[in-house]
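To start, the structure itself, in structure tokens.
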Amino acid sequence: MSTQFLELLAREASAVEFEGPIIEARARGADPATIEELEQAKVEALKVRDLLKRRARREAELSALYDTAGDLAALRDLDAVLEAIVHRARQLLATDVAYMTLHDPEQGDTYMRVTDGSISAKFRALRLAMGAGLGGLVAQTATPYSTADYFADARFRHKHHIDEAVKEEGLVAILGVPLRLGQRVIGVLMAANRSARPFHQEEVSLLASLAAHAAVAIDNARLLQETRNALEELSQAHRTARAHGEAVERAALAHDRMTSLVLRGGGIEDVAAVVTDVLGGSLAVLDDLGRPLTGDVGELDAGVFESAQASRALGRTVRRGDLLIASVDVGGEPLATLILRSDDADERILERAALVCALLLLFRRSVAEAEGRVRGELLDDLISRPGSPGLADRAWRLGVDLSAPHVVVVVRHEGQRERAAFWASSQATLRHGLAAGRAGEVVLLLPGANAGGIAQRVAAELSASLQVPATAGASKVCLPGAPGAGDVAAAYQEARRCAEALIALGRAGDGASAAELGFVGLLVGDGRDVRGFVGRVLGAVIDYDARRGTALADTLAAYFGSGGSPSRTAEAMHIHVNTVTQRLDRIGKLLGDGWLEPERALEIQLALRLHRLGHTSTP
């Protein structure tokens with residue numbers, strides 16, 4: 001092969017340029033043998049050129065197929081992948097337009113899905129019935145079809161609206177191949193030219209390969225969407241399960257809170273407070289007779305009680321308008337009904353609250369009866385018949401040690417008698433004591449020696465439980481069998497007088513024994529501990545006089561006797577007024593701040609009077 005033809009092949013010259021070396025040879029007057037040799041070399045060079053061109057084209061086709069496979073592997077957007085396939089088909093086949101139609105199972109035809117190079121809106125919106133036009137025929141037969149001149153080709157069933165759209169787009173030559181998934185045709189991939197041209201078999205094969213990739217992309221997208229749908233359903237199921245679990249956990253936590261309140265001596269009001277804290281709104285709790293124990297949700301009609309009856313029969317919450325009603329019975333007898341007006345319709349919490357309230361009422365009923373018969377009767381006997389035989393044995397069976405010091409506490413209240421009795425019984429059981437409930441008061445016999453401290457604690461705790469002031473008076477007593485045995489009846493009377501005195505002094509809700517009542521304690525206490533009273537009020541001054549030989553107590557008596565005048569005190573004691581001032585300063589340091597306040601001053605004067613009358617000696 002001539003060097004000239006090799007150079008032409010190297011620079012990918014056109015077929016016409018391969019005539020150049022022959023023309024030049026003839027111009028030079030080459031002989032026929034040389035011309036014949038050049039002609040033969042030209043033919044071989046053109047064959048090589050065609051081979052190289054086909055290989056280059058095949059390389060481009062394979063590259064396009066490889067890129068398409070890569071798009072499928074990284075499938076994120078089906079539209080983008082299909083658009084890329086159609087665009088590559090147009091480029092590789094060097095056509096004016098490429099487009100894809102997909103089968104519509106609902107309408108039984110095919111519709112335009114993707115176009116590349118189209119300029120007609122009517123063409124882009126075209127729908128082809130099965131068998132209509134070239135595309136409809138390919139879809140119906142699942143066989144590739146091509147035409148060099150669409151309008152002159154009688155193999156296709158021409159439709160007016162299809163031909164109009166094709167004319168508007170200006171198409172003449174069209175090639176279509178089916179998009180197949182197994183034996184099912186899902187659409188058609190087509191390439192078209194605006195001038196007449198034949199489509200070679202290589203072009204048909206290339207378009208079919210791209211169509212196969214497009215079918216895989218569509219199927220992958222379908223599988224991906226199904227996977228996404230399945231994941232979304234699974235996620236929704238997970239969210240539902242989690243919400244259900246959270247609701248169950250929320251109900252369990254609320255139940256734990258209610259149970260804990262009951263174990264600490266809480267009542268119906270405390271359980272209702274938990275429900276309204278968790279669910280919001282307003283809650284009413286009705287007893288077995290339909291009477292409100294706590295809360296208010298407005299006027300209740302007969303339908304509410306019918307719903308309560310239905311709730312007991314069904315064993316679950318019943319809704320009536322904006323009310324949720326949960327009711328519990330035992331043996332056909334209603335115990336508790338809860339009526340909630342709230343936007344939070346968590347029926348589990350309301351049902352558990354109804355059960356807790358019912359158990360609480362049932363427990364209170366049984367406890368009240370049991371404690372009234374056992375502990376209450378024993379305490380009544382200790383108060384009214386201290387010498388009765390078998391008291392110690394009865395107490396021992398209840399876990400009460402009558403040989404140890406105890407305190408009698410009388411608590412006056414205006415709360416619910418049943419709740420107060422329940423609370424007192426619980427405290428007595430926990431502290432190994434006794435309790436009895438009476439109209440307007442509860443009586444406790446608790447182990448201990450600090451009567452004032454026990455009274456304050458009992459008053460504070462019962463006031464918190466009842467949500468109304470509970471006033472406790474207490475008296476220490478040594479029970480029969482202990483050294484220095486006293487009278488429980490007397491201790492009861494003293495404790496009761498202490499409670500009444502606290503109420504009279506405006507200290508309702510407080511607790512004290514006679515020792516904490518100051519001079520009032522001398523009036524209500526049976527022991528009349530004058531020496532103890534003088535020691536508590538004036539002991540520091542008396543001790544100072546005894547140690548230093550001073551006359552602070554006499555100066556204090558003269559000071560009060562002179563109406564609180566230092567000068568008149570000095571005259572009465574025949575000492576200088578500065579000395580009186582110094583003594584009063586010392587007295588103030590010994591007695592502490594506030595010793596001149598009216599109530600404190602009254603106690604000090606009473607203690608001075610008792611001290612001077614000789615009821616006590618210097619401690």
Side-chain angles (χ1 to χ4, degrees), residues 244 247-371 415-423 425-426 465-467:
H244 178 74
V248 172
E249 182 178 0
R250 182 186 183 205
L253 290 175
H255 184 266
D256 290 343
R257 285 181 61 184
M258 290 183 284
T259 304
S260 178
L261 282 172
V262 172
L263 293 176
R264 293 200 306 268
I268 301 297
E269 296 85 353
D270 303 304
V271 175
V274 171
V275 175
T276 54
D277 180 53
V278 175
L279 300 181
S282 56
L283 177 72
V285 181
L286 310 181
D287 63 9
D288 54 341
L289 299 178
R291 298 171 301 189
L293 296 175
T294 181
D296 181 19
V297 290
E299 186 177 353
L300 303 177
D301 55 23
V304 172
F305 296 100
E306 292 176 359
S307 298
Q309 185 177 2
S311 173
R312 292 192 295 272
L314 296 172
R316 60 179 177 81
T317 300
V318 172
R319 176 178 290 277
R320 179 178 175 82
D322 61 343
L323 299 178
L324 288 175
I325 303 168
S327 187
V328 179
D329 64 357
V330 173
E333 178 187 357
L335 274 179
T337 300
L338 273 62
I339 303 173
L340 175 69
R341 178 178 281 114
S342 172
D343 295 331
D344 191 340
D346 194 328
E347 298 179 0
R348 297 180 187 84
I349 293 178
L350 189 64
E351 289 166 2
R352 294 192 181 195
L355 182 60
V356 171
C357 288
L359 292 175
L360 183 59
L361 292 174
L362 186 63
F363 181 64
R364 281 183 176 179
R365 184 186 300 175
S366 61
V367 166
E369 293 174 355
E371 294 298 333
Q416 298 180 24
R417 176 179 178 180
E418 182 180 289
R419 179 168 185 167
F422 170 72
W423 182 90
S425 298
S426 301
S465 180
L466 296 177
Q467 298 298 310

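Counting from 1, the numbers follow the sequence of the chain as shown.
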With respect to Ile339, which candidate in Leu323, Leu324, Val285 satisfies the side chain to side chain contact (heavy atoms under 4.5 Å, CB included) definition? Leu323
Sort out for me which residue in Leu283, Leu286, Thr317 forms a side chain to side chain contact (heavy atoms under 4.5 Å, CB included) with Leu338.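 Single pass found, and it is Leu283.
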Under the 3.5 angstrom rule, does the side chain of Ser311 hit a backbone N or O of Ser327 as a donor-acceptor pair?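 Yes, because the side chain of Ser311 sits within donor-acceptor range (under 3.5 Å) of the backbone of Ser327.
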For Arg316, which residues count as a salt bridge (Lys or Arg N to Asp or Glu O under 4.0 Å) partner, sequence neighbours excluded?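 Here no residue qualifies.
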Got a sec, which residues hit side-chain hydrogen bond (donor to acceptor under 3.5 Å, both in side chains) with Ser307, two or more places apart in sequence or on another chain?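 Partners of Ser307 under the side-chain hydrogen bond (donor to acceptor under 3.5 Å, both in side chains) test: none.
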Point-to-point distance, once rounded to the nearest 0.5 Å, from CD1 of Ile325 to OG1 of Thr337: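 One finds 8.5 Å between CD1 of Ile325 and OG1 of Thr337.
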